[in-house]
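Labels below follow one simple rule: chain letters A, B, ... track the order of the sequence lines, proteins then strands, and each chain is numbered from 1.
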Number of protein chains: 2
Amino acid sequence: MVTIKDIAQIANVSVSTVSKVLNGKGRVSEKKRREILKIARDLKYTPNYYARRMSSRIRVHTIGLIVPDITNPFFAKLARGVQRVCGEDVLVILMDSFRDLEREEKLIRKLRFFGVDGIIIGNSRVSDDLVKEVSQFLPVVVFDKNYEYKNVVSIVLDNFHGAYIATKHLIDKGYRNIVHIGGTHELYVSLQREEGYKAAMKDHGLSPRVYPTGYDELKGYKMMKRILKAENVDGVFCMNDLVAIGAIRAIKERGLKIPDHIGVVGFDNDEELCETVSPSLSSVHQPVEEMGEAAAKSLVDMISSRIRVRKYVFSPRLVVRESSSGKKG
Amino acid sequence: MVTIKDIAQIANVSVSTVSKVLNGKGRVSEKKRREILKIARDLKYTPNYYARRMSSRIRVHTIGLIVPDITNPFFAKLARGVQRVCGEDVLVILMDSFRDLEREEKLIRKLRFFGVDGIIIGNSRVSDDLVKEVSQFLPVVVFDKNYEYKNVVSIVLDNFHGAYIATKHLIDKGYRNIVHIGGTHELYVSLQREEGYKAAMKDHGLSPRVYPTGYDELKGYKMMKRILKAENVDGVFCMNDLVAIGAIRAIKERGLKIPDHIGVVGFDNDEELCETVSPSLSSVHQPVEEMGEAAAKSLVDMISSRIRVRKYVFSPRLVVRESSSGKKG
DNA sequence: TTCTTTTGAGACAACGTTTTCGCAATATGC
DNA sequence: GCATATTGCGAAAACGTTGTCTCAAAAGAA
């Protein structure tokens, strides 16, 4: 590798002079400046980041982003948002923990070991202890959860509101017997969505019925099948799109029409999924990319210890498609 | 930050001794060893990666992975594969170029600037010049393209074979008037898939008909519409799943039944997509994760200058679903 | 006891930069 | 022509490690 020394030797100057020229600092004569620049170019010199980082105040920030599953469009979008704000001076190290919490812990330590300047944790299931520990050393951004630790910023979606507008939309479209297929409450968001649903139902004089289950297509399918057997339903608000897709399958199998007999609304608005399924699925959209952007920005703010916001709250909006376009008959 | 010096001071020893203990090298008395280890733990010492990397032979490798769109399941899976092989001693820096070739170039330079030890380029549209330039400094892995440069490894899928078995499958299922909705040939793979299709058709005494278009759902939809107007078709082999989804939409709109009247097969086997669309879509599966794994492994091999393979060829397999289950009537 | 070997530990250079300081040489002001 | 200000450049320390080399002390062999 060609170093600053090599350049200095060829140009017959000291390393300090070369460094000054390369960084545009200090005073160097125009003549030498040109000469040194030319040599550097000819030699295809690239500064050694590691050395540079050692000797000076860092000017380039590295931030680590850990997601439980990069294959999940939600996290892919998050990653996009984070990367979008990162110009020349920020490097994002993206890591996939494969939904394995133990691996996630390891990765976080690995990031620390590799000397990142801050960490964004995409998984809301991460343990509080870990967040506490890491935030002692580095600024941290987390999602969907509030922390009171210094050095931690929370980015949350107003899940309550999202669930509320989704439910209200079904009511407005004429559906009345609306159930909610929700999650078990180990995910904080599932609780919030449930509450939003309940509030909307109550505000309109309807009685809420919640069916907790898991978060994937199969869980949604099975639960919907059970519900159809058990009671009279004409509307379903699901805690996410996957569950909704499962529910749709169950409803179709039963010979019922969507949206004529039953209206369905999901959550997350995974476009690919929502547009592909038939009928296309209405869903609550999270501004995921924007949330990722906010995460990166606030992390950089913390790193350079500028103003610090403790919490960002984003508002969801409803994307209406065929699956909830109104009851008939 | 706590450094080795701090530990040395507290333990009343020299930095060299601390370093030896921490690295398990050299001879240190059991008593001091314990003492130093304890202090390091209490102080939550983390070695400075940058300093370490400067002074010694590197033991930890960083590899950069650039993908055009992390939101695309294909590249997300690739990223998974790459990350799967990376244990303690390898760090993956994943970057999304947002389908912007200029940005991609910048990112590659950025990676070089950040001192990665090798680069995996996920985008087969990358310019040859860039690959050439980068490979002068770093080992590079590319996909779907062959290079003769030293320091470059190619990982390719046998697209010809994939297209061949997909087409043959349609023929075996009783379809005869099979068309191919392909890509424009700026993507090398599109050419290969087209050739595979043609070969299968000719081998069975059928005449191939190729309709080149783009790579997304809308392009597939429009082209299929045109085809249905223009000629008598009972089978479609599409260059990817997105195009196939578009074709399915056009076919359904026309009032034709899949697979009864027309059989459809896609390429890439994006499970989420293929299983969600109705009828579910048969598709040629690429072992993407395995390819990512191979990429990472061979890159690490090159970095540590062990044996070097110039090219890896992977075989696709067909996943049969409803959309091609046989012609009726 | 005396000589040799082993053990434990510190001093110091090196890695490639940046940055501060000092000092000549030149330019400026009177 | 002298004092002062400015400019151009290099020497050297520092960043946190690792690794080599040296050396004293302890242990072993005679």
Quiz item: Is the phosphate of dC9(D), meaning OP1 or OP2, less than 4.0 Å from a side-chain N or O of Thr17(A)?
Solution: no
Exercise. Could you work out which one of dG10(D), dG16(C), dG8(D) sits closest to the side chain of Ser29(A)?
Key: dG8(D)
Practice problem: Report yes or no: do Ser14(A) and Thr17(A) form a side-chain donor-acceptor pair below 3.5 Å? | Solution: yes
Quiz item: Rounded to whole angstroms, how far apart are CD on Glu30(B) and C1' on dA9(C)?
Solution: 15 Å
Exercise. Mind grabbing the angle between the end helix axes of the helix from dT1(C)-dA30(D) to dC30(C)-dG1(D)? Five pairs an end, 10° rounding.
Key: 40°
Quiz item: Given atom NZ of Lys25(A) and atom C1' of dC9(D), what is their separation to the nearest angstrom?
Solution: 18 Å
Practice problem: Nearest whole angstrom, please: distance from the C1' of dT17(C) to the CD1 of Ile7(A). | Solution: 12 Å
Quiz item: Within this structure, what is the CZ-to-P distance between Arg33(B) and dT7(C), rounded to whole angstrom?
Solution: 14 Å
Quiz item: Would you say a side-chain N or O of Lys32(B) is under 4.0 Å from OP1 or OP2 of dA9(C)?
Solution: yes
Quiz item: Can you name the closest pair of heavy atoms from Phe98(B) and Asp96(B) and give their distance?
Solution: N-OD1, 2.8 Å
Quiz item: Does Arg52(B) make a side-chain N or O approach to OP1 or OP2 of dT18(D) shorter than 4.0 Å?
Solution: yes
Quiz item: Over how many whole Å does the gap from Ile4(A) atom CD1 to dT19(C) atom C1' extend?
Solution: 12 Å
Self-check item: Contact under 4.0 Å: Asn48(A) side-chain N or O vs dC15(C) OP1/OP2
Solution: no
Quiz item: dC15(C) phosphate, OP1 or OP2: any side-chain N/O from Ser55(B) under 4.0 angstrom?
Solution: no
Self-check item: Closest heavy-atom pair and its distance - Leu107(A), Ser97(A)
Solution: CD1-CA, 3.8 Å
Exercise. From the options Asp158(B), Asn159(B), Asp144(B), select the one residue that forms a side-chain hydrogen bond (donor to acceptor under 3.5 Å, both in side chains) with Gln192(B).
Key: Asn159(B)
Practice problem: Give a yes or no on whether the backbone of Thr62(B) and the side-chain of Asp117(B) come within a donor-acceptor separation of less than 3.5 Å. | Solution: yes
Quiz item: dA14(D) P sits how many Å from Tyr50(A) OH, rounded?
Solution: 26 Å
Exercise. Provide, to the nearest angstrom, the distance between the CG atom belonging to Leu22(A) and the C1' atom belonging to dT18(C).
Key: 12 Å
Quiz prompt | Side chain Lys20(B) and base dG10(C) donor-acceptor under 3.5 Å | solution = yes
Quiz item: Of Ser16(B) and Arg27(B), whose closest DNA chain C nucleotide lies nearer the 5' terminus?
Solution: Arg27(B)
Quiz item: If you look at every strand shown and take non-hydrogen atoms under 4.0 Å, does Asn12(B) touch a base, only sugar-phosphate, or nothing?
Solution: sugar-phosphate
Quiz item: Where do Pro287(A) and Leu157(A) come nearest, in terms of heavy atoms and distance?
Solution: CD-CD1, 3.7 Å
Exercise. May I ask you to evaluate whether Ser19(A) reaches the phosphate of dT18(C), defined as a side-chain N or O under 4.0 Å from OP1 or OP2?
Key: yes
Quiz item: More than 12 foreign heavy atoms under 6.0 Å from CZ of Arg34(B): is that the case here?
Solution: no
Quiz item: Should the ring pair Tyr49(B) and Tyr50(A) be called parallel, tilted or perpendicular, given that the plane angle runs from 0 to 90° and is split at 30 and 60?
Solution: perpendicular
Quiz item: Looking at Tyr45(A), does any N or O in its side chain come under 4.0 Å of the phosphate oxygens OP1/OP2 on dT17(C)?
Solution: yes
Quiz item: What's the CG-P distance between Asp6(B) and dG16(D), to the nearest Å?
Solution: 9 Å
